[in-house]
2 protein chains.
Amino acid sequence: MRLTTKGRFAVTAMIDLGMRHQRGPVTLAGISERQRISLSYLEQLFGRLRRQGIVDSVRGPGGGYTLAQSMLDISVADIIRAVDEPIDATQCGGLGNCHDDRECMTHDLWMSLNSRIYDYLDSVNLDELVTTQLAKQAEEVAHGQAQGHKHDTRRVVGSADITPGLMHKSGQAHKTVVNG
Amino acid sequence: MRLTTKGRFAVTAMIDLGMRHQRGPVTLAGISERQRISLSYLEQLFGRLRRQGIVDSVRGPGGGYTLAQSMLDISVADIIRAVDEPIDATQCGGLGNCHDDRECMTHDLWMSLNSRIYDYLDSVNLDELVTTQLAKQAEEVAHGQAQGHKHDTRRVVGSADITPGLMHKSGQAHKTVVNG
DNA sequence: TGAATAGTTGACCAAATTAATCGGGATTAG
DNA sequence: CTAATCCCGATTAATTTGGTCAACTATTCA
């Protein structure tokens, strides 16, 4: 698992897409402008998301990107996995050719934590994030703060508490790559 | 929040330290050899951990590093925060000088997810990780596999289930190996 | 039909940032 | 004093980030 700005941009872009996919394909140019992410970088990210079957592309005028799956089925981990290829946490490449058991320990230590982080991020899906964001925007409009609103940094972190409820995608294990 | 090899090394090193801190200061040279992390890199990492008050250092012969806090009080998030300085998720630097509300939205989108990841990693403490690791080693010794044991890749991830009690999760760990 | 247009695709490249190493100092026990 | 150890600034290596450009594809419209 890796969490970098790349994953952050991908998740942000996917939320933007999720928020307006009902109205037809969403262009990268639109996401680029709304989220201030460079268009060329988005192209790169969505290329991967498309190859992973998370989004579909529609070419030509009126085209853009659409979701290839239900928002309930797209987890944050799916998005991050798609754009940020996994690091090899082992020194021995998971092939078991360690000199002794020490490298395996290094490997185990991180992997067990790693899998927990994945478990967690697999439990957060796009639908939830989009719902949260729409609710937040509705709230702003209700308070007449839609224009020129400066966000209050003291509230930012706590803002996740609007969230309806966490879902667990049980059973549906992530695409597992078993070494060897 | 960022999760990179740097954070991984730091967590691994801290577990190593946690496993033997009772016997006095632990040298970086020892951690370096056991965990196969370069000494100079460890020095850099522990410099930060020390400045964050997570470890204490003892200079001179017989010196090394000790824990500055109870293992129960050191969370994975603390460790990662110490070595991987946080990215600035905002375009406007969190200063609220955005042109309109769009950048704030970008900011919010990520921050609410970010805070959840932190919440989660804050819930996993070093004591828990060390206990898990010690239990695993004890088990290996009991099976007479202490020497030359090659780890079984199929069990790597599931091995977290020895863990005493996970707060967040409904312990259904899937058998995932995040590819090496 | 076919040209213009809106849009994606993918390869390549450069700047910026991070990761990791290196070389030399400090500090202290014995 | 000297060896074991931490400490730290500078440097190099690797990766990430983001940009440019030249196809390619589908739609629209004349």
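In this text, all values refer to a predicted model and were calculated from it rather than measured experimentally.
In this structure, a donor-acceptor pair under 3.5 Å is absent between the side chains of A/D56 and A/T66.
Two residues, B/S40 and B/G62, neighbour DNA chain C, and the one matched to the more 5' nucleotide by heavy-atom proximity is B/S40.
When B/D73, B/L126, B/L49, B/V26 are each tested for a side chain to side chain contact (heavy atoms under 4.5 Å, CB included) with B/L67, only one passes: B/L126.
With D/dT16, C/dT18, C/dT21 as the choices, the nucleotide that has an atom nearest any side-chain atom of B/Y41 turns out to be C/dT21. The side chain of B/F9 lies closest to C/dA20, out of C/dA19, C/dA20, D/dG18. Distance from the side chain of B/E43 is smallest for D/dC7 among the nucleotides D/dG19, D/dC7, C/dA20.
Taking 4.0 Å as the cut-off between side-chain N and carboxylate O, A/R8 and A/D84 do not count as a salt-bridged pair. Here B/D119 does not pair with B/R116 in a salt bridge; the nearest charged N to carboxylate O distance is not below 4.0 Å.
Not one side-chain nitrogen or oxygen of B/T4 sits closer than 4.0 Å to the OP1 or OP2 atom of C/dT18. Between A/K6 and the phosphate of D/dT16, there is no side-chain N or O to OP1/OP2 separation shorter than 4.0 Å.
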Grab the N/O contacts between the protein and nucleotides 25-30 of chain D below 3.5 Å, and write none if there aren't any.
{"unit_1": "D/dT25", "atom_1": "O4'", "unit_2": "A/R59", "atom_2": "NH1", "d": "2.3"}

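Annotation: proximity of residues 24-32 of chain A to DNA chain D (heavy atom, distance under 4.0 Å) is found for no residue. Taking every heavy atom of residues 49-57 of chain B and every atom of DNA chain C, no pair lies under 4.0 Å.
Judged by distance alone, with hydrogens and angles left aside, the side-chain atoms of A/Q69 form a donor-acceptor pair with the main-chain N or O of A/G53 at under 3.5 Å.
Smallest separation of non-hydrogen atoms from B/V83 and B/K6: O-CE, 3.7 Å.
The residue A/S38 sits close only to the backbone: its heavy atoms come under 4.0 Å of sugar-phosphate atoms, none of a base. Using a 4.0 Å heavy-atom criterion, one finds that B/F46 contacts no nucleic acid atom at all.
The aromatic rings of A/Y41 and A/F9 stand perpendicular to each other, their planes meeting at an angle above 60°, with 30° marking the opposite boundary.
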